[in-house]
Amino acid sequence: MPEITTLDPTASVDEILAVLHRDGALIVRNLMTPQQMATLSEELRPWIDKTPNGNGDFVGYKTKRCCGVLGKSAMAGEIATHPKILELCNRVLLPQCTRYRLSVSQVISIGASETVQHMHRDDALWPFEHPVKNHRLIHCIWAVTDFTAENGATRVAPGSHLWGEGREPKDGEWTQAAMPAGSVLIYWADTFHGGGANRTGIPRDGMILGYIVGWLRQEEEQFLAVPPEKAKTLPRKIQDLLGYKTHEPYLGWLDQNDCRVALIDVPEDQRGAVDLSDDEETAGELQPGKWAVLI
C-alpha cells in the first residue's frame, strides 16, 4: 500500500509543491489548531444538524453535506484565507489568471456505518484531458475532527494525477489520509480520492475548500450560496474569494461595471458602463467611477 507524505506546518510552499508534483496529494499536519476546529464545528453545528443525509451512492446515504460555509462561519473564512494556502494558490493559479476564486466550500459529515465513496477526480466536472498540463484547481480537505482509518479518513491514490484517461485505482494503489484535527489534505483536483467507510459510532467531519482559476465556472454557485446581502457583512478578502470582484478585463461584470457594485449599494441609475483603467497601479482593471474609494 502506498504512503501519503506528511509535512510539518513549517514546511515551505516549495516543499509542498515538490510533493504535489510528485504524488498529487499530501498532508500538512496541524496547520490549524484543534481549538480553531472546535470553533468551526461550534459555528456550523446548527447548520450541520439540520442538513439531511444524502440520497445516493456517491453523496452517501448516511453523510451530511453542509454547503456555502463561508456565509455561515467566520472561522471557515479564516481557514479559507490561511496565508500558506493562499501563497500556494498564488504560485500555482495566478500565473494562469488575474484572480482565483473559491470553487467549493462544504463540510462533509460521514455518519456511523457509512460505506466507502467511489474514488473519483474532482476535475471530472470540466472537460480536461488527463494527465493535465496545467493544474487549474487546488483542493483542500481539512480535518474538523480526527481522521482515522476506522472513521472514514479520505482514501487517496498517490501519483494518480499522472494517469491517463480510463484508469481508476485498484486495491493496493490507495491509502487513507489519517490525520489529527486541524490538519489538511492538499491535492490536485485530478488526483483520485473518495470518502472512507465509517466503522465507528461517531460522525467524521471534514471541510473541503477548493480554489479555481477565475475564468473557469465555479463548482458551487457562490452568489447563491452566499448572496449579496450576506456577502456585504464579510471581510473584503472573503468577498473577493467568493467572486464579488470582476476578473480582469471584463469577465463577470454587472451593468458592465465591477460586480462589487452589488455590495456597496450603488444605485442602478449610477452604474454606467466603465472602461479599463489606464492608471499605472490599476492598469487593466475596471475604472471604479465616482465610488473609487469604496471599490
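Residues: numbered from 1 along the sequence shown. Predicted model only: the values in this text are computed from it and were never measured.
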Do His135 and Gln96 have a side chain donor and acceptor closer than 3.5 Å?
-> no

Quick check: are there more than 12 heavy atoms from other residues, nucleotides or ligands sitting under 6.0 Å from CH2 of Trp47?
-> no

Salt bridge (charged side-chain N to carboxylate O under 4.0 Å, His left out) with Arg217: which of Glu220, Glu221, Glu219?
-> Glu221

So how far is it from Ser183 OG to Ile141 CD1, rounded to the nearest 0.5 Å?
-> 13.0 Å

In terms of heavy-atom contacts, Thr246 and Cys259 come closest through OG1-N, 3.0 Å

Between Ile110 and Glu114 the two heavy atoms that sit nearest each other are CG2-CB, 3.6 Å

CG (Asn55) with more than 12 external heavy atoms under 6.0 Å | no

Is there a donor-acceptor contact under 3.5 Å from the side chain of Gln239 to the main chain of Ala231?
-> yes

Between Thr145 and Asp205, a side-chain donor and acceptor under 3.5 Å | no

Do any N or O atoms from the side chain of Arg204 and from the backbone of Gly152 form a donor-acceptor pair under 3.5 angstrom?
-> yes

Under 3.5 Å donor-acceptor, His161 side chain and Pro131 backbone | no

Co-membership, hydrophobic cluster, residues Leu31 and Ile16, 4.5 Å side-chain = yes

Counting distance only, does the side-chain N/O of Thr5 pair as donor-acceptor with the main-chain N or O of Leu26 below 3.5 Å?
-> no

Heavy-atom closest pair (Pro180 atom, Ala143 atom, distance to 0.1 Å) is O-CB, 3.6 Å

Can you list the steps and then say if Asp8 with Arg29 is a salt bridge (charged side-chain N to carboxylate O under 4.0 Å, His left out)?
-> CA-CA 5 Å; Asp8 292 329; Arg29 179 183 287 267; 5.8 Å; no

Using 30° and 60° as the class limits, which term best fits the ring planes of Trp163 and Phe192: parallel, tilted or perpendicular?
-> tilted

The ring pair (Phe, Tyr, Trp, His ring centres under 6.0 Å) partners of His130 (sequence neighbours excluded) come to none

Atom NZ of Lys84 and atom CE of Met32: how far apart are they, to the nearest 0.5 Å?
-> 12.5 Å

Please confirm whether the backbone N or O of Ile202 pairs with a side-chain atom of Asn198, one donor and one acceptor, at under 3.5 Å?
-> yes

Write down the atom of Gly196, the atom of Gln176, and the distance for their closest heavy-atom approach.
-> CA-NE2, 4.4 Å

Test side chain to side chain contact (heavy atoms under 4.5 Å, CB included) applied to Tyr100 and Leu94, Ile212, Val92, the passing residue = Leu94

Answer yes or no: does atom CD of Glu3 have more than 12 heavy-atom neighbours from other residues, nucleotides or ligands under 6.0 Å?
-> no

Does the ring centre of Trp174 sit less than 6.0 Å away from the ring centre of His193?
-> no

Pairwise distance CG(Asp23) to OG1(Thr191) - rounded to 0.5 angstrom | 9.0 Å

For Lys237, look at atom NZ and say whether over 12 heavy atoms of other residues, nucleotides or ligands are found less than 6.0 Å away.
-> no

Taking every non-hydrogen atom, the tightest pair across Trp188 and Ile138 = CZ3-CG1, 3.8 Å

Leu137 and Leu93: which non-hydrogen atoms are nearest, and at how many Å?
-> N-CD2, 4.1 Å

In the single-linkage hydrophobic clustering (I, L, V, M, F, W, Y; side-chain heavy atoms under 4.5 Å), do Ile85 and Ile4 co-cluster?
-> no

Distance under 6.0 Å and angle within 45° of ring axis: Arg101 vs Tyr211 = no

Side-chain (Ser103) to main-chain (Gln218) donor-acceptor, under 3.5 angstrom | no

More than 12 heavy atoms of other groups within 6.0 Å of Glu42 CD = no

Can you measure from CZ (Arg136) to CG (Asp190) and round to the nearest 0.5 angstrom?
-> 11.5 Å

Could you tell me if the ring centre of His120 sits under 6.0 Å from that of Phe58?
-> yes

Is a donor on one side and an acceptor on the other found under 3.5 Å between the side chain of Arg99 and the backbone of Glu248?
-> no

Look only at the side chain of Ser160 and the backbone of Ala157, and say whether a donor-acceptor pair between them is shorter than 3.5 Å.
-> yes

Sub-3.5 Å donor-acceptor pair from the side chain of Arg65 to the main-chain atoms of Thr51, do we have one?
-> no

